[in-house]
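What follows is a short report on a single structure.
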Amino acid sequence: MSPIEHIQKKGSYIVTGKADTASMKGMKKMTVLEVKNLQKSFGSIRAVQDISFSVEAGEVFTIIGPNGAGKTTTLEMIEGLVTPDKGEIRFGEMKWDNNRTAIKMKIGVQPQSSAMFDLLTPEENLDLFATFYDKARPTEEILKLINLTEHRKNQVSKLSGGQRQRLAIGLAMISDPDIIFLDEPTTGLDPQARRNIWDIILELKKLGKTTILTTHYMEEAEKLSDRVCIVDQGCVVILDTPSALIEQLTKEREVRLSFLDGVEAATEADVFSKNLESVSRTERDGAALKLWTDKPEDTLHDLFKFTKERNFQVEQVSIREMSLEDVFIAFTGKDWRD
Ligand code: ATP
């Protein structure tokens, strides 16, 4: 029995050992959600124009896009809160039209913070939400999962933004759903509070849960997701694993150098680099030089040979990794703003 099966059988949320991710990787893919050609307009605003994707069991699937891209509307249609104008939503064989109750048992939706009871404690909120379901996970386990055991008896109104968001995730988990929807759970939080939420999402993954997440933060999508769906203006721009998306970009890398010998050295290195076949373009700013090359190793080898011959001292060298932000810019032609 794998550690995950063991935990599920025991009915415990708390991961005591390392999840057997190797055996998860070997597992056959199973589609738990399929969305086809979703459309939704509000008056003249076409919030969702054409969105299709499918989500596999156990993955963290992230929908990312700028403000107004249609992420929340898409999620709300999938959650059964908004009726699509067109399109299809299936949870396996189940559809909202005829399997409402069964789907509700299968999914967990992070409530808006206004849905929490501010004058109650996290423990009381969880206990109360538990009464909405036929079966619920023990509050104790949820408090541990969301790291709020210490604050279990504090009034919700006294919690920080990050703690409230963690409680919201706990409330989505109370019915032990297979699929959890988190709509921008980290927006407005400081970096540490965001990381605490990331830890919970990774913990959910270890438990074999499927998480569907929306975010504004590229870094978050890159770190957490098995697959990322970039949406813009109500349409899917591109969908793949973060590494495959980055791989699809040109193999070109940005190399940065700075010289102890100042502007003169950088200028000469610039002229030299421009003549290298592997270098497509350069940019110089004072003693710093940036260049773009599809063969960083060869380029640096040639450059270091040159600087050694000229007795120039290189102060710093770095090769910038491509990020999802570069993918967004490449596929939409727009700058990314959080
Ligand atoms: P954000 O990241 O800012 O939350 P989003 O990607 O989630 O944006 P949506 O909230 O789905 O985008 O909104 C998509 C578009 O639809 C926006 O132009 C928004 O103003 C509009 N919209 C969403 N809900 C409604 C509504 N109930 N009535 C009218 N317009 C709406």
Side-chain angles (χ1 to χ4, degrees), residues 33-55 60-89 91 96 107-116 161-162 164-166 168-169 171-172 179-191 193-194 197-198 201 210-225 227-240 242 245 323-338:
L33 169 66
E34 194 159 13
V35 167
K36 272 194 199 152
N37 305 113
L38 274 193
Q39 292 182 24
K40 182 74 190 177
S41 293
F42 298 102
S44 60
I45 299 169
R46 296 185 71 192
V48 172
Q49 297 200 37
D50 184 11
I51 293 214
S52 301
F53 55 77
S54 56
V55 178
V60 177
F61 184 91
T62 302
I63 304 173
I64 187 160
N67 281 330
K71 303 181 295 291
T72 300
T73 309
T74 302
L75 226 57
E76 288 182 347
M77 287 191 279
I78 299 171
E79 293 163 357
L81 302 172
V82 167
T83 311
D85 296 338
K86 276 194 184 156
E88 201 176 87
I89 297 161
F91 292 88
W96 278 110
I107 69 170
V109 177
Q110 163 206 349
Q112 298 286 320
S113 64
S114 56
M116 293 178 206
R164 288 174 72 97
Q165 281 295 50
R166 298 208 308 266
I169 298 177
L171 293 171
I179 308 171
I180 299 127
F181 292 92
L182 304 177
D183 193 6
E184 297 187 8
T186 60
T187 296
L189 300 184
D190 64 55
R194 278 170 63 195
I197 302 269
W198 295 0
I201 294 169
T210 307
T211 303
I212 300 169
L213 178 77
T214 70
T215 182
H216 281 259
Y217 303 115
M218 283 289 180
E219 188 201 357
E220 181 165 303
E222 205 170 322
K223 287 229 159 69
L224 294 178
S225 320
R227 287 187 308 144
V228 176
C229 175
I230 299 181
V231 294
D232 190 28
Q233 296 180 348
C235 296
V236 174
V237 177
I238 191 158
L239 191 171
D240 214 325
L245 287 176
S323 69
L324 269 188
E325 194 168 330
D326 297 301
V327 175
F328 180 83
I329 295 166
F331 282 94
T332 64
K334 293 179 187 166
D335 264 349
W336 178 261
R337 287 177 305 279
D338 276 350

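Whatever order the structure lists them in is the order used to number ligands and atoms, beginning at 1.
A pairwise comparison of heavy atoms in Phe328 and Met218 identifies CB-CE, 3.4 Å as the closest pair. In plain terms, the two heavy atoms of Gln165 and Pro185 that are nearest each other are NE2-O, 2.8 Å. In terms of heavy atoms, Gln49 sits closest to Gln39 at O-CG, 3.0 Å. For the residue pair Gly188 and Tyr217, the shortest heavy atom distance occurs at N-OH, 3.5 Å. The shortest heavy-atom contact between Asp183 and Gln110 is N-OE1, 2.9 Å. Counting all heavy atoms, side chain and backbone alike, Leu189 lies closest to Gly162 at CD2-N, 3.6 Å.
Interatomic distance, Ile197 CD1 to Glu220 CD, rounded to the nearest 0.5 Å: 9.0 Å.
Scanning the protein heavy atoms around atom 13 (O) of ligand 1, the nearest turns out to be Thr73 OG1, 3.9 Å. Closest to atom 10 (O) of ligand 1, if we only count protein heavy atoms, is Thr72 CB, 3.7 Å. Nearest to atom 16 (O) of ligand 1 among the protein's heavy atoms is Ala47 CB, 3.2 Å. When hydrogens are left out, the protein atom nearest atom 22 (N) of ligand 1 is Phe42 CD1, 3.6 Å; that is the closest non-hydrogen contact. Looking from atom 3 (O) of ligand 1 to the surrounding protein, the closest heavy atom is Asn67 OD1, 3.0 Å.
Of all the atoms in ligand 1, the ones that sit under 4.0 Å from a non-hydrogen atom of Ala69 are 5 (P), 6 (O), 12 (O). For ligand 1, the atoms closer than 4.0 angstrom to any heavy atom of Pro66 are 6 (O).
Checking atom 1 (P) of ligand 1 against the protein gives a heavy-atom contact under 4.0 Å. Within a 4.0 Å radius of atom 19 (C) of ligand 1, the protein contributes no heavy atom.
Proximity of a side-chain donor or acceptor of Thr215 to a complementary backbone N or O of Ile64 within less than 3.5 Å is not detected. No donor-acceptor distance shorter than 3.5 angstrom exists from the side chain of Lys71 to the backbone of Val231, with no hydrogens or angles considered.
Annotation: Gly70 places an N or O atom under 3.5 Å from an N or O atom of ligand 1; distance criterion only. Taking any N or O of Ile45, backbone or side chain, none lies under 3.5 Å from an N or O belonging to ligand 1. For ligand 1, the polar-atom distance check against Glu184 finds a nitrogen or oxygen pair separated by under 3.5 Å. Residue Gly68 has at least one nitrogen or oxygen atom sitting less than 3.5 Å from a nitrogen or oxygen atom of ligand 1, judged on distance alone.
Remark: distances from the non-hydrogen atoms of Gly43 to ligand 1 are all 4.0 Å or more.
Between Phe53 and Ile63, some side-chain heavy-atom pair lies under the 4.5 Å cut-off.
For atom 5 (P) of ligand 1, the nearest non-hydrogen atom from the set Lys71, Met77, His216 comes from Lys71.
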